[in-house]
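Residue numbering restarts at 1 for every chain, and letters A, B, ... go by the order of the sequence lines.
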Amino acid sequence: MSSEFRSYFKKIIRRNEFFVFLLFISIIVIFTSINSSFITPNNLFSLLRFHSYEGILAVGFFIVLLSGGIDVSFTAIAVSGMYLGIRSMIEFNIDNIFFGLLIAAIVGTILGLINASLIALFELPTLIVTLGTLGIFQGLLMTFAEITGVTAINSPPSSVINFGKINIFTVIGAGDKVIGFSLFALLFIVVALITWAFLKYSILGRGIYALGGNIEAARRSGFNIKKIQFFIYSYVGFLAGIAGFIHGAGLRYVKAQDIVGKELLIIAAVVLGGAKITGGTGSVFGTVIGFFIITIIHNSLVLIKIPSYFQEAILGMIVILSITFTSYREKIKSSRAIIIESE
Amino acid sequence: MKKKYLSREYILLMTTVAIFLLMSIGGREVFLCLRNFQSMSSQVVELGLFGFAVGICMIAGGIDLSVIMNANLSAILSGMFLLRYSGEINGSILTIITVCFALIIGSICGLLNGILITKLNITPILATLGTFSLFGGISIILTKGKSISGFPNEFLVIGNGTIGKIPVTFIIFILLTLIIYLLLDRTILGVSIYLVGTNPIAARFSGLNNHSILIRTYMIAGAIAGLAGIIMTSKFASARPDYGTAFLLPAILVVLLGGVDPAGGSGSVIGIFIAVVLLQLLQTGFNIVLGTSTFLKQAIWGFILVAVMIVDSLSKRRGKN
């Protein structure tokens, strides 16, 4: 029994998520010890309300990375989903949140399908293709917004505003202030759970792992590579469309130039969570923890008295250090494997 | 193989000439005048430098996404250096020292990229995305997000002066094109860069020190970025942490249009050079016809990038069959 427990424990310790989780706990401890208002529901719930959409983007980006690809256009897809979703509610005069969400999802999926077709049908390198489509999507959206004269929407329809206010539960914080746990946080958790279950239990999900591990091996073991790629990039597009819409609803302000530029924030969350760009490794859980760490560091620096202009450099450091760490562990693991083989 | 490169450059050159003629006929007075040529030859330089920096890394089988932030960091550090010593040292000498200083800063940034990619075995995309943010972040910390200005006139000549009727920046660009051409085509390092890009394992087994070659490649790219930083600073008479961010997409576009294989190992300086000229002609054309909407231009660059890649991929596939 105890040896079983020990081997189980060892297995956990060896996992990347264990280290990420330790880092997460220590960051919470450090932030709280410097400024006790960090741990209050007021701060945490508001972080979740305004940044859950980034978590959804991170889950989407994780799948791409897992498959051995990279997508930098998802921010442009998100902003298109947000802008076109809310804009069409206004233009068609349909004040129904499901209509807006539907449009955002359709826009996201279509743009994702464009990426998918370029990557799967022409076998183009993912980074450069999505860099190109990032330019196309954002360029066309901004041109459209400029031509129609609506680069920002200050007062979205009332159903969007109400959607942003929905709480799952509320707690009473300091000074009898009612603090709500946003629907968006729940949505993020649901997306993460569905994606996790899908990756773990469906054949398509296993195919994504296989594709990231070794594309040729995946092909020979009978996976339809093109089908998997089509799924990946349209799913990312779908999630990005929804995430963008949520962002707009939470802010109650839509700017056609928003979100693009946040790619690295999301990428940082995912690589911190232990996913490697060479594909095949990582977990949704790691991504979620990575997202929490990045969100806390990126948004709460002021709470521990570090000026906000340190954000960008710290983000870069995190990306570099976390990939270095992952690749170093990989190196140790592979040198161990060689020793075992020679025995 | 050699013939394929030639035909790529040949096609590019013919396209460029055709577009040039088309624009000469279409936009006679606006296009065919000295002022326009001066402004085109001055504008082309940053794009060209960033294109070379990205291109040389891509030939070596990697990519450097950090070049623009590297340029900004070099510009800001050398701008601060310049402000610190201006008035104490003769302006011309100080300008020369500052340029060297920027080249050194740029290559140190490149060195960091190289070490991350080789010694720490990080994928070039993520390593340089990380340093993109790091360099940009350090620039923001140094300037607190503002711009710095107030440089001596001798320094501003680099970006705004002319020799005869030719802008100084353009002369720098031509010289640099020559240097990089000689470097890639006539030196052992250049040939090694192609070899490492084609097949790193074969390169290692033929006795090359891949790590050292890659590190030097990224340092060269960094130095070029540093020079680009100096040119931007001199041209705008100020340095800012967020200059030039719009250059990344067109820089990668000229590299691919110029015939560099994104998988590494092939491509030429001449190809990139013609692609830069071609893109500048198109840019001027768009400015005349469509006005200066940066976003429409961004979309058009994106379209051209994707189109070039599709055509290349199809022709490669046909070549295989």
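- In this structure, CH2 in B:Trp301 is found 14.5 Å from CG in A:Leu131, a value given to the nearest 0.5 Å.
- Scanning all heavy atoms of the two residues, the minimum distance from B:Leu126 to A:Ile267 falls at CD2-CG2, 3.8 Å.
- Using a 4.5 Å cut-off between heavy atoms, A:Leu264 touches chain B through its side chain atoms alone.
- Only the side chain of A:Ile70 comes within contact range of chain B, judged by heavy atoms closer than 4.5 Å.
- Taking the side chain as every heavy atom from C-beta outward, B:Ile138 and A:Phe310 never approach each other to under 4.5 Å.
- Looking at A:Leu141, neither its backbone nor its side chain comes within 4.5 Å of chain B, counting heavy atoms on both sides.
- Heavy atoms of B:Leu256 lying under 4.5 Å from chain A belong exclusively to its side chain.
- The candidate from B:Ile140, B:Leu120, B:Leu305, B:Ile141 with the greatest count of non-hydrogen atom pairs under 4.5 Å with chain A is B:Ile141.
- Contacts classified as salt bridge (charged side-chain N to carboxylate O under 4.0 Å, His left out) and involving residues 133-144 of chain B (residues at least two apart or in different chains) are not found.
- Between the B:Ser313 side chain and the A:Leu124 main chain, no donor and acceptor come within less than 3.5 Å of each other.
- Of the two parts of B:Met69, neither the backbone nor the side chain holds a non-hydrogen atom closer than 4.5 Å to a non-hydrogen atom of chain A.
- In this structure, chain B has no heavy atom under 4.5 Å from any part of A:Val72.
- Between A:Gly316 and B:Ser133, the closest heavy-atom pair is N-OG, 3.3 Å.
- For the set B:Ile63, B:Leu253, B:Ile122, the entry with the most heavy-atom pairs within less than 4.5 Å of chain A is B:Ile122.
- Annotation for B:Ile310 and A:Phe122: closest pair CG2-CE2, 3.6 Å, computed over non-hydrogen atoms.
- Of the atoms belonging to A:Gln311, not a single heavy atom falls under 4.5 Å from chain B.
- Taking all atoms of both residues into account, the shortest heavy-atom contact from A:Ile128 to B:Pro262 is CD1-CB, 3.7 Å.
- Interface remark: A:Glu263 contributes no atoms to any contact with chain B (heavy atom separation under 4.5 Å).
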